[in-house]
Amino acid sequence: MEWSKILVFCIFQQVIAAMETQLSNGPTCNNTAHGSATINNCSSPVDSGNTEDSKTNLIVNYLPQNMTQEELKSLFGSIGEIESCKLVRDKITGQSLGYGFVNYVDPKDAEKAINTLNGLRLQTKTIKEFVISSSYARPSSASIRDANLYVSGLPKTMTQKELEQLFSQYGRIITSRILVDQVTGVSRGVGFIRFDKRIEAEEAIKGLNGQKPPGATEPITVKFANNPSQKTNQAILSQLYHSPNRRYPAPLAQQAQRFRLDNLLNIAYGVKSRFPPMTIDGMTSLAGINIPGHAGTGWCIFVYNLAPDADESILWQMFGPFGAVTNVKVIRDFNTNKCKGFGFVTMTNYDEAAMAIASLNGYRLGDRVLQVSFKTNKTHKA
DNA sequence: TCGAATT
């Protein structure tokens, strides 16, 4: 068992090496990958009828975008002889949909593949992580389609097991997952549940959407999940059609430059600015712990009345000249990808944030008048 | 009109 994992890992690295070589020879994709093995912790296979295929045919999920059918075959062919192998691609774009089927000749090899390859971690250099999941493929049928749920607002402490316990009352769970922060490993409060049947998924939405899990303080959202690769395609398309270059708003540049000039004059000649510098320490001692917009990592600014097509770059351009900006975020509707009219900017220094707010609140961007202020904590009052 | 998140 452990032997075969090591063996598989070595073969896998060769596959990845081959992928990288291939990528360096062609301009089609800039996504390269390297792998590391992890312990299989996924749920047991589901029995799927009496057909011959049921014990040899595997579905493989969460493949890297750039993995080809040949590479899939190489990876799984390291276990044993493959009868057939299919990487599922988008009919129109030809993009990998991130899953495929591997049918072994020998059921023993299928079982071995599940034990050794399921849970294998693939990490691309673009931070995105893939964990291969392989299990017996169920017979194709309409009733098992669209049975995958996206769950958000989960308590950060909730485990995968607890998530399954919560949903298991509505049917048989095929796969489940909780997404975690790549760096800290803590739950992002988002996960997936795939049911055996669409009906079960529908019932789970009815029963759990907007409900608080036992012991939780906030309700969860349960809805049908989107296709994994759908977002990538959207992002690629929107990048193609979107010009990354935005003109800098001239009046802002002048304001920001004047602000910098004020500071320089102040530092160099002791000239008094209209906006005397203020430190965070000075503020905290005066205002106590409840400081608007102060999140510990900086000062969070709420920007309202952004246009539907506003993007992050406009926030960087508007706020950057006023000082250190550590983060910007445009809040979008997931499906339309259009800005919901507001966003957030985090700035390191109070005085720069205050200056940005003073300058940008009421600023006319296009045909809209922006409202800019420190972010308030509108959610649950203490 | 004061945070989304999609393996």
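Order of the sequence lines sets the chain letters (A, B, ...), proteins ahead of strands, with each chain counted from 1. Computed from a predicted structure; not experimentally measured.
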Separation of [X] atom [atom1] from [N] atom [atom2], in whole Å?
X       : N      : atom1 : atom2 : value
K338(A) : dA4(B) : NZ    : C1'   : 18 Å
N361(A) : dC2(B) : CG    : C1'   : 14 Å
K156(A) : dA4(B) : NZ    : P     : 11 Å
L149(A) : dT7(B) : CG    : C1'   : 14 Å
E218(A) : dA4(B) : CD    : P     : 12 Å
I301(A) : dG3(B) : CD1   : C1'   : 15 Å
E312(A) : dA5(B) : CD    : C1'   : 13 Å
I178(A) : dT6(B) : CD1   : P     : 15 Å

Q: Would you please determine if the base of dT1(B) is stacked by F302(A), with stacking meaning a centroid separation under 5.5 angstrom and planes under 30 degrees?
A: no

(Q) Using a 5.5 Å cut-off between ring centres and planes within 30 degrees, is F334(A) stacked on the base of dA4(B)? (A) no

Nearest to the [X] side chain among [options], which nucleotide is it?
X       : options                : result
I331(A) : dG3(B), dT1(B), dT6(B) : dG3(B)
Y304(A) : dG3(B), dT6(B), dT1(B) : dT1(B)
K375(A) : dC2(B), dT1(B), dA5(B) : dC2(B)
F192(A) : dC2(B), dT7(B), dA5(B) : dT7(B)
K223(A) : dT6(B), dC2(B), dA5(B) : dT6(B)
K340(A) : dC2(B), dT7(B), dA4(B) : dA4(B)
F344(A) : dC2(B), dT7(B), dA5(B) : dC2(B)

Q) Less than 4.0 Å between a side-chain N and a carboxylate O, is that true for R332(A) and E312(A)? A) yes

Q) Does the gap between the ring centers of F101(A) and F76(A) come in under 6.0 Å? A) no

Q. Does the ring center of F195(A) lie less than 6.0 Å from the ring center of Y170(A)?
A. no

(Q) Among L87(A), V88(A), L97(A), exactly one meets side chain to side chain contact (heavy atoms under 4.5 Å, CB included) together with L63(A). Which residue is that? (A) L87(A)

Q | Distance under 6.0 Å and angle within 45° of ring axis: R198(A) vs F224(A) | A | yes

Q) Do the side-chain N or O atoms of R188(A) get closer than 4.0 angstrom to the phosphate oxygens (OP1, OP2) of dT6(B)? A) yes

